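Okay, structure first, notes after.
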Amino acid sequence: MTTHAPRAAQTPQSVKLPATLDEAVAALAAMPAAVPVAGGTDLMASVNSGQLRPAALVGLGRISEIRGWQYQDGHGLLGAGLTHARMGRPDFAALFPALAAAARAAGPPQIRNAGTLGGNIASAAPTGDALPVLAALEAVLIIAGPGGARREVPVAHLLAGMEMLRPGELIGFVRVPLLHAPQVFLKATGRTGPGRAIASVALVLDPARRAVRCAVGAIAPMPLRPLEAEQWVASLIDWDGERGSLVPEAVTAFGEYVAAACVPDQPPAADGTEQPLPPGVLHLRRTVAALARRALGRALS
């Protein structure tokens, strides 16, 4: 799981199958042109379309240490090799409900069985279902480097391009907080059944910090956090009493607040007149508003 995927003009001449994360890093260091592959759902699409011709592959499927998850100091330490199918199981969903919901929505069974959490992050496709959830949870990546080195990078920094994976580095683990509070993921696909999101919303409540965190996916190159909307609605919630007592008008207003922040109005014309949003953009704004409103309503119910 890495964003460093060099392009070569030939078919793979070498395939390495390391058994540990450090062995995988060493293999990448020894073959700078190699491309790591886990589930291969994104890689094979690029190969089949002719966009990528890897000179060598480093397979990550035998690295057992990154295929599970464990507790660590009030957090969940999730292996980058966790498949969507594994994250969708009830035991995982009990602790990370929004991430489990995103995993279940990731596509048909063959994609969920092969695709991995780390691959979803490394490919950084705007429509990656796990990405807004990780942004809302303020997840942190544990990056494995040469010589057994480990460093931590907030997932939002990687997705925004503020920090990048260096050649030879791999995403080993993802650390997310155990909030023991409502978490919701919703997406709109424009069709019935699994499909790529045209918009998605992840929302989590953090009672300990009296905070609401929301991230909107699929409408921009990276998940968007409407920080002012988060702070506004958090100030209205009765954190010490009935959280569900928030009036419906406030829930609706939150949806509109989120949508306006993430799908803003067009700048005025040169003469100062307001410019209406194109119909497609207006529909997208309404979709985001509906998803954010429903997500907050479910979290508070």
Side-chain angles (χ1 to χ4, degrees), residues 1-69 77-87 106 110-126 128 130-131 134 139-155 157-175 221-222:
M1 275 67 68
T2 176
T3 55
H4 179 67
R7 179 173 178 174
Q10 58 186 28
T11 55
Q13 300 298 311
S14 177
V15 177
K16 298 293 184 182
L17 299 173
T20 70
L21 192 56
D22 287 331
E23 286 180 8
V25 170
L28 288 174
M31 300 184 298
V35 176
V37 56
T41 55
D42 291 318
L43 175 68
M44 292 312 300
S46 297
V47 169
N48 291 338
S49 65
Q51 297 177 343
L52 184 66
R53 290 291 182 267
L57 296 175
V58 176
L60 308 179
R62 295 184 178 179
I63 305 177
S64 59
E65 63 189 293
I66 62 171
R67 299 181 66 183
W69 57 277
L77 191 65
L78 315 181
L82 275 171
T83 64
H84 300 306
R86 178 65 187 87
M87 291 189 290
Q110 59 268 32
I111 295 296
R112 297 198 303 273
N113 288 334
T116 63
L117 176 62
N120 211 216
I121 299 167
S123 62
L131 303 186
L134 296 174
V140 173
L141 306 177
I142 312 297
I143 308 298
R150 300 289 187 270
R151 67 186 181 100
E152 298 187 1
V153 175
V155 69
H157 288 195
L158 183 73
L159 298 177
M162 298 168 61
E163 295 186 58
M164 300 297 292
L165 295 185
R166 301 160 188 163
E169 288 188 328
L170 290 168
I171 300 172
F173 302 91
V174 184
R175 190 171 66 238
M222 61 168 290

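Note that the structure is a prediction, hence the values are computed from the model and not measured.
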*Would a 4.5 Å heavy-atom cut-off, applied to side chains only, mark V174 and L77 as touching?*
no
*I would like to know whether I171 and V153 meet side-chain contact (heavy atoms from CB on, under 4.5 Å); could you show each step before the answer?*
CA-CA 10 Å; I171 300 172; V153 175; over 6 Å; no
*When rounded to the nearest 0.5 angstrom, what is the spacing between CG in L158 and CD1 in I143?*
6.5 Å
*Can you tell me which residue pairs pass the salt bridge (Lys or Arg N to Asp or Glu O under 4.0 Å) test with a partner in residues 25-35, sequence neighbours excluded?*
none
*Got a second to check how far L60's CG is from T116's OG1, nearest 0.5 Å?*
8.0 Å
_By the side-chain hydrogen bond (donor to acceptor under 3.5 Å, both in side chains) test, which pairs, at least two apart or in different chains, include something from residues 22-38?_
D22-R150
*Identify the heavy atoms of A144 and L21 that sit nearest to each other, and give their distance.*
CB-CD2, 3.6 Å
*If we only count heavy atoms from C-beta on, is the V58 to P18 side-chain gap below 4.5 Å?*
yes
*asked:* List the residues meeting side-chain hydrogen bond (donor to acceptor under 3.5 Å, both in side chains) with R175, not counting sequence neighbours, and say none if there are none.
replied: E152
*So I121 and L131, side-chain contact (heavy atoms from CB on, under 4.5 Å) or not? Walk me through it.*
CA-CA 7 Å; I121 299 167; L131 303 186; 4.2 Å; yes
_Residues forming a side-chain hydrogen bond (donor to acceptor under 3.5 Å, both in side chains) with E163, sequence neighbours excluded_ = H157
*Do the side chains of K16 and L57 get nearer than 4.5 Å, heavy atoms only?*
no
*Are the side chains of L134 and L141 in touch, meaning some heavy atoms are under 4.5 Å apart?*
no
*Who pairs with R86 by salt bridge (Lys or Arg N to Asp or Glu O under 4.0 Å), at least two apart in sequence or on another chain?*
D91
*If you round to the nearest 0.5 Å, how far is CE of M87 from CG of L78?*
8.0 Å
_Nearest-0.5 Å distance that lies between atom CG in L117 and atom CZ in F173_ = 11.5 Å
*Distance-minimising heavy-atom pair for E169 and G145*: CG-CA, 4.1 Å
_How long is the straight-line distance from CG of L170 back to CG of L165, given to the nearest 0.5 Å?_
8.0 Å
*asked:* Going by the rule side chain to side chain contact (heavy atoms under 4.5 Å, CB included), which residues pair with A26 if we only count those two or more places apart in sequence or in a different chain?
replied: none
*Report yes or no: does R67 contribute a side-chain atom to a donor-acceptor pair with the main-chain N or O of G61 at less than 3.5 Å?*
yes
